[in-house]
Amino acid sequence: MAKVNPTKVIGESKFNKFHLLLFIWSFMIILFDGYDLSVYGTALPLIMEEWGLDSVVAGTMGSYGLFGMMFGAIIFGILADRIGRKKVILINVLLFSLFTLLCGFAESATVFSIYRFIAGLGLGGIMPNIAALVMDYAPNSMKIRLVSLTLVSFAVGGALAPTVGVLLIESFGWSSVFIIAGLPLLALPLMMKQLPESTSYLIRTGKKEQLFKTLAKVNPGFTFNMNDEIEEVKVAQTKAPVVGLFKENRALSTVMFWVAFFCALLMVYGLNTWLPKLMIQAGYGLNSSLTFLIALQGGAVIGILLLSNLCEKYGSKKVLVPTYIAGTIALTLLGFGGNEIVIFLLVAVAGAATTGSQVLIQAYVTGYYPAEMRSTGIGVASGVGRLGGMLGPILGGFLLTMALPNYVNFMVFALAGIIAAIALSLIGDKYSAQAVTSSQAVNVKSNREVATTVE
């Protein structure tokens with residue numbers, strides 16, 4: 001009889017077919033997460049015109065989805081650590097795909113808002129759990145990179161929404177972009193069969209055979225016998241899992257993550273909702289304005305791909321703080337207008353510093369907390385951040401009703417970037433994802449040491 005340490009087996013694995021399949025499913029799920037979040041801003045100008053909405057009502061209506069996301073992130077983040085990430089992911093996909101699809105058939109702002117709120121529950125819970133599941137199974141050598149590459153699809157989906165809008169809205173109306181959001185429903189049976197469950201849940205529920213079969217796929221060089229003993233540190237569980245986020249010198253960093261999430265999501269959802277409308281007011285046509293939204297998300301994609309490697313090498317905090325400062329400068333300059341090429345470049349930089357940085361913060365937080373509270377940590381941070389996400393569209397709506405110069409509107413959002421940079425600069429390094437990756441690579445000698453590296 002041998003002792004099997006799942007953390008060590010996974011950490012020492014090499015990227016293979018198992019990781020590739022998990023990556024593909026996770027990438028596609030987050031892609032539609034990004035699509036569903038950006039689709040409202042894509043259709044908003046036409047929805048406002050058809051239903052006769054003013055900017056305040058339209059901004060508030062957009063925030064109902066974000067209100068649902070706040071609850072979804074917290075509820076499903078905590079629930080996943082108890083019933084398993086796989087079950088929660090499937091529930092989330094069902095919720096956000098079905099009810100975003102139904103938004104396309106809504107006949108009033110009230111019905112639309114209800115559908116958007118329910119879809120938001122699923123949207124809020126999906127990214128924390130996908131990020132945590134990928135982090136669970138990623139080899140030590142590429143944890144941050146693999147999570148970041150998975151979450152880059154959020155920006156890809158965000159760019160896909162206005163692209164689909166340009167192609168379909170003129171011929172089929174604004175409802176067509178919401179109908180496309182229902183496609184993941186067709187893939188649910190395959191997800192149910194192919195997505196793995198987290199090792200922590202399998203160990204806690206005594207599913208030893210399923211655990212060993214999964215570990216054999218993660219690390220084909222691993223052999224096991226059902227009589228083998230699982231070598232795993234028993235972590236003291238608390239009836240209030242959020243309390244653990246403040247233990248072992250994590251309190252200040254936890255609060256600063258919350259502040260950073262709040263400001264980051266205020267910027268992300270404020271710009272995704274109102275950028276096309278702001279550009280229309282600046283004199284651009286609908287399709288041209290949607291192109292700026294594509295540039296925003298395109299900048300996010302490029303930013304994630306470039307910055308994730310820097311985060312892996314230098315640490316997330318050292319990369320994200322200057323990135324937010326650069327985004328603040330870009331947003332401030334954007335409000336003053338200028339050459340169209342320069343405007344596109346500034347929008348792309350803003351995309352890298354808002355949506356792009358937010359994705360990288362997800363990877364940062366995911367690696368910061370121990371495995372047993374990973375979903376809780378990122379779920380609660382995302383939930384608190386959704387308050388900022390809710391405020392973004394409402395704030396943009398109020399700014400537009402005040403008929404302020406464009407540069408004032410952009411400077412308000414730029415201010416949030418400075419606050420996010422300050423918050424991230426105050427996060428402690430002891431539990432950073434970079435430290436986790438490095439320490440896990442060298443400290444695998446004993447059960448006690450492995451537990452410490454995960455933390």
Side-chain angles (χ1 to χ4, degrees), residues 4-13 15-30 33 72-73 75-97 122 124-140 143 146-147 150-151 184 187-220 222 224 226 228-235 237 241 362 366-367 369-379 450-451 454:
V4 177
N5 189 308
T7 302
K8 184 176 180 180
V9 171
I10 294 171
E12 295 179 350
S13 67
F15 188 86
N16 57 41
K17 182 180 178 181
F18 172 89
H19 298 102
L20 179 61
L21 189 62
L22 174 59
F23 170 75
I24 291 173
W25 277 122
S26 300
F27 188 95
M28 294 305 298
I29 290 170
I30 298 300
D33 177 40
I75 293 170
F76 287 117
I78 295 173
L79 190 62
D81 285 331
R82 295 186 177 277
I83 70 169
R85 305 201 213 287
K86 179 178 178 178
K87 295 185 186 74
V88 166
I89 288 171
L90 294 173
I91 293 170
N92 290 162
V93 172
L94 175 64
L95 285 175
F96 75 69
S97 298
I126 196 66
M127 187 177 287
N129 283 294
I130 286 290
L133 188 64
V134 173
M135 180 66 77
D136 285 342
Y137 283 108
N140 284 340
K143 283 186 178 294
L146 193 59
V147 174
T150 299
L151 299 185
L188 273 174
L190 281 175
M191 292 182 203
M192 191 177 302
K193 180 179 180 180
Q194 296 181 351
L195 281 176
E197 185 52 88
S198 63
T199 55
S200 58
Y201 175 76
L202 295 177
I203 293 169
R204 190 168 64 250
T205 55
K207 297 182 178 180
K208 188 175 182 180
E209 182 177 359
Q210 185 178 346
L211 172 67
F212 283 175
K213 287 181 178 179
T214 301
L215 291 178
K217 294 177 183 178
V218 176
N219 194 336
F222 168 70
F224 67 91
M226 286 306 297
D228 290 344
E229 180 183 344
I230 299 172
E231 181 185 357
E232 190 77 10
V233 171
K234 300 298 182 182
V235 181
Q237 297 292 321
Q362 297 267 3
T366 302
Y369 292 107
E372 68 274 3
M373 63 177 70
R374 188 167 288 153
S375 286
T376 298
I378 193 171
V450 170
V454 173

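Just so it is clear, the structure is predicted and the values come from calculations on it, not from any experiment.
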Closest heavy-atom pair and its distance - Asn92, Gly125
OD1-C, 3.0 Å

Should the pair Phe27 and Phe23 be assigned to parallel (<30°), tilted (30 to 60°) or perpendicular (>60°) ring geometry?
tilted

OG1 of Thr214 to CD of Glu197: how many Å apart, nearest 0.5 Å?
9.0 Å

Evaluate Leu211 against Ile203 for side-chain contact (heavy atoms from CB on, under 4.5 Å), listing each step before the verdict.
CA-CA 7 Å; Leu211 172 67; Ile203 293 169; 3.7 Å; yes

With distance as the sole test, does Tyr137 use its side chain to make a donor-acceptor pair with the main-chain N or O of Leu215 at under 3.5 Å?
no

Distance in Å, Leu202 CG paired with Lys213 NZ, rounded so as to fall on 0.5 Å steps
12.0 Å

Met192 backbone acceptor or donor facing Lys86 side chain under 3.5 Å
yes

Considering all heavy atoms of both residues, which atom of Ile10 and which atom of Ala138 are nearest to each other, and what is their separation?
CG2-O, 3.9 Å

Taking only residues two or more places apart in sequence or in another chain, which ones pass side chain to side chain donor-acceptor pair (under 3.5 Å) with Lys87?
Tyr201

CD1 of Ile29 to CE of Met127: how many Å apart, nearest 0.5 Å?
11.5 Å

What one should report as the nearest heavy-atom pair of Ile126 and Val93 is CD1-CG2, 4.0 Å

Quick one: closest heavy-atom pair of Ile130 and Ser26, and the distance?
CG2-CB, 3.6 Å

I need the Ile30 CD1 to Thr150 OG1 distance, nearest 0.5 Å.
8.0 Å

Looking at every non-hydrogen atom in both residues, tell me the closest pair between Ser97 and Pro184 and how far apart they are.
OG-CB, 3.3 Å

Would you say that Phe18 contacts Pro196 through its side chain, given a criterion of any heavy-atom pair below 4.5 Å between the two side chains?
yes

Name of the residue among Leu79, Leu195, Leu133 meeting side chain to side chain contact (heavy atoms under 4.5 Å, CB included) with Arg85
Leu133

Between CG of Leu22 and NZ of Lys217, what distance do you get to the nearest 0.5 Å?
12.0 Å

Donor-acceptor contact below 3.5 Å, side chain Asn129 vs main chain Ile89
no

Minimum-distance pair of heavy atoms, taken over all atoms of Val218 and Asn16:
O-ND2, 2.8 Å

